[in-house]
Amino acid sequence: MSNRREFIKQGAQASLGSCLALSVFSSVFESCKTAALTGLTIEENEISFHLSSFGSKKIIFISDERLKDEVVIVKKKDGTYYAMKMQCTHQMNPVRYTGDSFFCPTHGSTFDMEGKPTTAPAMRPLQRFTTIESGTRLIVKLT
Amino acid sequence: MRTVLCCLCACMISLTTNFVSAQVLTPEDSLNSGLESKEHKTLIGGYGEAAYTNNLTLEEAHINLTRAVIFIGHRFSDKISFFSEMEIEDAKVDASGGELALEQCFLKFQLNRNHFLTAGLFIPRLGIINENHLPTTYFGNHRPFVETKIIPSTWRELGVSLNGKVPGSNRLDYTLAIVNGLNAEAINAHDGLREARFEGRDASARNLAVTASILGYWNVFKVQLSAYTGGSVGLAPRSADSLQLESGMFGTPVSLLEGNISYRKHGWTIKALYALVSIPDAGSINRAYANNCPEQMSGWYAEAGYNILRLFNDSTKKDLSLFGRYESVRGNDQMPENGIVNDVNNFSCVTVGLNYTPLPGVVVKADLTYSESGIPNPQLQINPFPQAIPFETKQSVLRLGIGYSF
Ligand code: FES
């Protein structure tokens, strides 16, 4: 009995304590997000940056207050790129990157790396944006 | 419990502070800017399920349109949206049963990219099924018993909730909500907290509850921890005093702690969940209402399913999952001295079955549940044997059903 009470207490403390601790460092981490992209320009319907920003990375996220939604750009094995809106197609909540897929915490939908839905309730793929390679830059058309 | 509350409050203040500091509100990106958006959109959706249930032990069968739900959402702007779900249970509503109810009805305010606030009647993140209750998303015709008996899904209340990504993390989401509390008078060991919910209708607001969750996602794993604690007596102090109950914000508290983990990869879906409800003042509640309130309830389940079509075609879009689930429910895990132990409320069951998804949004289900409970307390039997049909502690139930969501 007392063990279970302790469990409730400690479990709740651990979960809420970690939430508190992480939130304390929020502003530091949040400001690092898109800083790694070189030559980033964000205009009304277009994002552009130097391809060198990828380095050895296969995936880049652009999270900027000027954009309505976070954008993910993936470099394929053949060296081409595709970009998607990080917004769930079920009820338009933000999706998260899990390491090898995308996940919507609101109702649990998942999407594969290509944006195709793999777990209900979402049924439509993540919205894609056109990407254009222009010299050393990558342009993402947001319309 | 006080420590938990302190943590919750500190957490809420801290997160709120972080929104304010992380987001510089300008005329362009404030909530108001969205009001001028041209993107107005109304969405209609829905889900429903029907099932044939045959209790093979009692030789009773029935067929029922369990629920049909209409979803209506409207996007007022990029920042403000409306969501609602209207549910009809058991096809029609009359004196003999059925229910027409709002399952959700809230406004959502997008504070910034990573955080949003909901206000109204919403479903807090507690367990798996509470938020993800579409029939196309879980195995079997019946929702897991742990998530109906111990966590009273679908559990919605009125309040305000802050949701989003844990700042500084790419793998954690949080929810933090204040909602109306429960009604202690309606808590009992058989139905748990189910009848104590207000579900948006004239909820007592002198007692409140705080609920929070942390959800982590790492590749194919998802791990969640959620907690709820709140007052269950919303009476005016004079009425509460006469019943010798503690009223007020967190008076006569009810707390719930839940943790779950899930894995999904290569056609496999594996989940496990544990939930514990604690009502330390159950003795006082029983003295006031004689409702047989338990001091503690708990339950857990573990399930695994595999899409057997993958044995023939690795990249199939169809899904025919063979699954099995074991559950243990303890409705009177701990009873106060003035409570009556009824072992019927403690049971375990195994469900095995098939879920067939020919295409996303449609599911056909077939499953068999074998359950084993304790024997009924003879003191609680109004018409004992031979007037009453003898109680079967071991029962087998076959269910066949369909479900949809769009
Ligand atoms: S909004 Fe993403 S699953 Fe519902």
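Every chain is numbered from 1, with letters handed out A, B, ... down the list of sequences.
Both the backbone and the side chain of B:Asn219 have a heavy atom closer than 4.5 Å to some heavy atom of chain A. Residue B:Phe71 touches chain A through its side chain alone, counting heavy-atom pairs closer than 4.5 Å. Using a 4.5 Å cut-off between heavy atoms, B:Tyr47 does not touch chain A at all. Interface remark: A:Met92 contributes backbone and side-chain atoms alike to the contact with chain B (heavy atom separation under 4.5 Å). Using a 4.5 Å cut-off between heavy atoms, A:Pro94 touches chain B through its side chain atoms alone.
When all heavy atoms of B:Arg75 and A:Gln87 are compared, the closest pair comes out as NH1-NE2, 4.2 Å. The two residues B:Lys222 and A:Thr110 make their nearest non-hydrogen contact at NZ-CG2, 4.0 Å. For the residue pair A:Pro105 and B:Leu215, the shortest heavy atom distance occurs at CB-CD2, 3.7 Å. Closest non-hydrogen pair, B:Arg113 versus A:Lys68, comes out as NE-O, 3.5 Å. Considering all non-hydrogen atoms of both residues, A:Arg96 and B:Tyr217 come closest at CG-OH, 3.0 Å.
Of the inter-residue distances, the one linking A:Thr119 atom OG1 with B:Asp319 atom CG reads 9.5 Å to the nearest 0.5 angstrom. Between the CD atom of A:Gln91 and the OG atom of B:Ser81 there is a distance of 10.0 Å, given to the nearest 0.5 Å.
Heavy-atom proximity under 4.5 angstrom to chain A picks out B:Arg125, B:Glu131, B:Asn132, B:Leu134, B:Thr136, B:Thr137 from residues 125-137 of chain B.
Annotation: side chain of A:Asn93 is in contact with side chain of B:Phe116 (closest heavy-atom distance under 4.5 Å). A:Asp100 is listed as a side-chain neighbour of B:Lys265, based on a closest heavy-atom distance under 4.5 Å.
Heavy atoms from other residues, nucleotides or ligands lying under 6.0 Å from CZ of A:Arg128 number more than 12.
Checked by atom type and distance alone, the side chain of B:Arg171 pairs as donor or acceptor with a backbone atom of A:Tyr97 at under 3.5 Å.
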(request) May I have the step-by-step check of side-chain contact (heavy atoms from CB on, under 4.5 Å) for B:Arg264 and A:Thr118, ending in yes or no? (result) CA-CA 10 Å; B:Arg264 190 186 289 268; A:Thr118 46; over 6 Å; no

